[in-house]
Amino acid sequence: MSQTSRRELIFSGKNRTINTEDEISLTSVGIDIGSSTSHLAFSRIDMERRDSRYVVKSRALLFESPMRLTPYIGGANIDATALQAFIDEQYQRAGLTLQDIDAGVLILTGVAAQRANARVIGEALALHTGKLVAVSAGDMLETTLVAHGAGA
């Protein structure tokens, strides 16, 4: 496989290559499934190439869902069906489809990450909601994310 075709496979989008675009705009989604609440946020991230790497030029929030109580079945496991219905509804309200998402993250936090079916939930939702990184956040990662989100 040539170096050019390898780059084309890594960069999302048909007929797009990282070595020919100086500016790119990505649509992203952040999905937070917490112990007590869950929500989504969609954003546009504009990036520009500086030398050999891209840096964020601007960010814009496109849509933020309302918070909802994380659904459980019998108090022990997360209700995957109810959670997926909520996520699907938020995509629809945002006017976006899975094909519109270039990148994103699915985070299971707190006690939700410790549920018996948390891994299965994370994998299923990540597959169904676009090109995502799925992580389970313990106290250290949550603290780091808060610090970065606060601009620290």
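Heavy-atom basis, side chains included; hydrogens, waters and symmetry copies ignored.
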message = Which heavy atom of R93 sits nearest to which heavy atom of P66, and what is that distance?
response = NH1-CD, 3.3 Å
message = Quick check: is I87 connected to L69 through a chain of hydrophobic side chains (ILVMFWY, heavy atoms under 4.5 Å apart)?
response = no
ask   = Considering only heavy atoms from C-beta outward, does the side chain of R44 approach that of S25 to under 4.5 Å?
value = yes
note = Distance col, row D100:CG vs T27:OG1, nearest 0.5 angstrom, shows 6.5 Å
inquiry  = Can a side-chain donor-acceptor contact be found between D88 and Q84 if the only test is distance below 3.5 angstrom?
reply    = yes
key: Beyond-backbone contact of L83 with S38, side-chain heavy atoms, under 4.5 angstrom   = yes
task = Answer yes or no: is there a side-chain heavy-atom contact under 4.5 Å between I107 and I33?
result = no
task = Give a yes or no on whether a salt bridge exists between R49 and E23, defined as a side-chain N under 4.0 angstrom from a carboxylate O.
result = no
Interatomic spacing from NZ in K57 to CD1 in I45 - rounded to 0.5 Å = 14.0 Å
message = Test of understanding: with side chain to side chain donor-acceptor pair (under 3.5 Å), list the residues that count as partners of E48, not counting sequence neighbours.
response = R50
ask   = With no hydrogens and no angle check, do the side chains of S58 and D46 hold a donor and an acceptor under 3.5 Å apart?
value = yes
ask   = Between T70 (side chain) and G34 (backbone), is there a donor-acceptor pair under 3.5 Å?
value = yes
query = Any idea which heavy atoms bring Y54 and I24 closest together, and the distance?
reply = CE2-CG1, 4.0 Å
inquiry  = Set out, in order, the CA-CA distance, both residues' side-chain angles and the distance that settles side chain to side chain contact (heavy atoms under 4.5 Å, CB included) for Y72 and I78, then state yes or no.
reply    = CA-CA 4 Å; Y72 288 94; I78 298 167; 3.9 Å; yes
request  = For the residue pair Y91 and F42, categorise the inter-ring angle as parallel (less than 30°), tilted (30 to 60°) or perpendicular (more than 60°).
outcome  = perpendicular
ask   = Is the closest side-chain heavy-atom distance between L40 and F86 below 4.5 Å?
value = yes
task = Please examine the side chains of H39 and S65, heavy atoms only from C-beta on, and report whether any two atoms are closer than 4.5 Å.
result = yes
ask   = Do the side chains of S36 and M67 get nearer than 4.5 Å, heavy atoms only?
value = no
Rounded distance (nearest 0.5 Å) linking atom CG of L26 with atom CE of M47 = 6.5 Å
